[in-house]
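Below: the structure, in structure tokens.
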Amino acid sequence: MRHFPTFFDLQDKPVAVIGGTAMALQRSRLLIAAGARVTVFARTLAPDLAELTLDGQIRWEAAQAEPADLAEYRLAFVATGDAEGDAIAAEQARRAGVAVNVVDRPELCDFIMPAIVERGAVTVGISTGGASPVLARNLRARIEAALPARLSELARFAASFRDKAKSLIAGAAERRRFWDAVLDGPVAEAVLAGREETARSLADELLADGAAARKGAVYIVGAGPGDPDLLTFRAHRLMQQADIVFHDELVGPEVLNYVRRDAERVYVGKIKSHHSKSQEQINELLAEHARAGKRVLRLKGGDPFVFGRGGEELDYLRRQGIETIVVPGITAALGCAASAGIPLTHRDHASSVTFLTGHTRDGELATDWRVLARPDQTLVVYMGLSNAASLAAKLLVAGLPRGTPVAIVERGTRPDQRVSTGALSDLKALAERHKDGGPALLIIGKVAALANADIQTFATSLKEAV
Ligand code: SAH
């Protein structure tokens, strides 16, 4: 380790910034945020820096800093924008006995600035010992992604429970178990989801039950359309916490790879047209494992609330009094549209988009087809492949022109995605091509002609027609 990592308390302490550049402004802003009393030594100031002096947030000395001026300061930050100016300023500070940092000149620095990730009171500093600022920034981006946005709320929440935990739990080891249970489970997730009331009552229950009795919970998580890069940060975090995962056929191995290695995996999807487990059985399984204190991950393709029966699961679990968290996912319509290049509501072609299912509980979709057959809208049909012919017929009868563009996106967002386009009158033949493939979505409306298709019928005339 070349540099010693510390966090300096600069609250109300005098700090010198030497130079009036944009970098000096950046440093000044950080120092103000840390509560320091900032004085800038510079003959001229960058406009925003001048504004800070006018606001009285920083003091301005329109002169070169001499050692005698600098002695009173705790730290000095140099950013004059000029190599010689930097060297002189650093030397003056050093002669005054003040630790100095010079922007982009590690050889002139007594201390260096880390790349910072900040979540309120929680601060992460990253240093490569001056070797590579770009590497430090790179690491920062990764840490940014790993730390939940409400981490500082979690820190505050924990602080507010400290006295209570101390008075109610005598042993240090037991207290540690309590904190482990709080910070890595449903209580923390409730805080991170902005539900502090729930978190408080869950934490109180934990305190009352003794830390040994870990509370279970169910996480109903949208896994997106297939590409694991489309998981949300929260989905990823909960996947890493799960003790057991229940998944169906829409969740492929690429996504399952991100579930905690030790988690038990249970497949509860459909096999062809019959369910391997009924919805009631699935509901009971989820509840049973949560009651046993497990963190149960219910991983569902796309979004759990879009044709995903997540609503039924949530309803059941809530009625059982089981803590349940729902995490949205990118639904197939949005994933497929993006990866096939179909702007669902391109303003030249569609003023609305409708998501519908080609398959209802009773088989047939009872709807007013004239409403769906309007020309300036986009229809996205889930589970529509096997009924494509009858769907097309109904739309044609209701008045949608035969030449209306359609697209079929199969295995959208996955490496083996297949897209075909054609006209509505052609939908039946197009659907045939995808019959034995993976999950597929129908997109009907003028925007479908904009797809980057692998298979196109009438492609040129379609694009011209739009
Ligand atoms: N909850 C899911 C939808 C479940 S219904 C979501 O929000 O996406 C299952 C249907 O979704 C499939 O029949 C298919 O029409 C569609 N689907 C899901 N993933 C898909 C994908 N990667 N590509 C194309 N269609 C997909």
Side-chain angles (χ1 to χ4, degrees), residues 219-232 234-235 246-256 267-276 279 282 297-314 326-342 344 353-361 363 365 378-392 406-421 427 430-444 447-448 451-455:
Y219 308 142
I220 303 178
V221 173
D227 180 347
D229 272 10
L230 295 175
L231 287 168
T232 62
R234 188 173 294 167
F246 294 91
H247 60 98
D248 44 44
E249 72 279 0
L250 280 178
V251 180
E254 303 83 1
V255 170
L256 279 174
Y267 175 79
V268 290
K270 285 175 244 174
I271 296 167
K272 291 283 174 203
S273 60
H274 61 269
H275 294 242
S276 66
Q279 187 61 50
I282 295 173
L297 176 68
R298 176 65 174 117
L299 202 54
K300 300 176 86 79
D303 180 90
F305 286 174
V306 179
F307 304 124
R309 308 189 73 171
E312 293 163 50
E313 291 169 7
L314 176 67
V326 181
V327 181
I330 292 183
T331 189
L334 305 184
C336 291
S339 72
I342 303 173
L344 292 173
V353 54
T354 303
F355 296 172
L356 58 143
T357 168
H359 224 97
T360 59
R361 232 182 212 175
L365 186 63
T378 305
L379 302 180
V380 181
V381 189
Y382 288 70
M383 297 172 278
L385 204 61
S386 54
N387 286 339
S390 95
L391 192 84
V406 299
I408 299 181
V409 184
E410 181 193 323
R411 301 178 198 271
T413 80
R414 300 177 195 201
D416 51 357
Q417 163 175 300
R418 288 208 306 157
V419 180
S420 31
T421 54
L427 186 59
L430 284 179
E432 278 293 309
R433 292 194 169 129
H434 294 271
K435 177 164 102 251
D436 298 318
L441 207 66
L442 317 182
I443 300 182
I444 303 169
V447 294
N452 312 314
D454 313 304
I455 307 162

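Scope of the values below: all heavy atoms of this structure, side chains included, with no hydrogens, waters or symmetry mates. All figures in this text were calculated on a predicted structure; none of them were measured in a lab. Atoms within a ligand are numbered from 1 in the order they appear, just like the ligands themselves.
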Would you indicate which of G308, G301, A223 comes nearest to atom 2 (C) of ligand 1 when only heavy atoms are counted? G301
Can you tell which of F355, F307, F305 gets a heavy atom nearest to atom 4 (C) of ligand 1? F307
Test item: I220 and K300 side chains (from C-beta on) under 4.5 Å apart, heavy atoms: yes
Tell me which protein heavy atom sits closest to [atom], plus the residue, atom name and distance to 0.1 Å.
{"atom": "atom 14 (C) of ligand 1", "result": "A440 O, 3.3 Å"}
{"atom": "atom 3 (C) of ligand 1", "result": "V306 O, 3.5 Å"}
{"atom": "atom 7 (O) of ligand 1", "result": "T331 OG1, 2.6 Å"}
{"atom": "atom 11 (O) of ligand 1", "result": "Y382 CD2, 3.4 Å"}
{"atom": "atom 8 (O) of ligand 1", "result": "A332 N, 2.8 Å"}

Is a donor on one side and an acceptor on the other found under 3.5 Å between the side chain of Y219 and the backbone of A235? no
Out of curiosity, is K300 lining ligand 1, as in a heavy atom under 4.0 Å away? no
I'd like to know whether ligand 1 has T413 as a neighbour, heavy-atom separation below 4.0 Å. no
With E432 via salt bridge (charged side-chain N to carboxylate O under 4.0 Å, His left out) - residues at least two apart: K435
Distance check, rounded to the nearest 0.5 Å: S386 atom OG versus H434 atom NE2? 14.0 Å
Return the set of residues passing side-chain contact (heavy atoms from CB on, under 4.5 Å) with D229 (not counting sequence neighbours), or none when no residue passes. D227
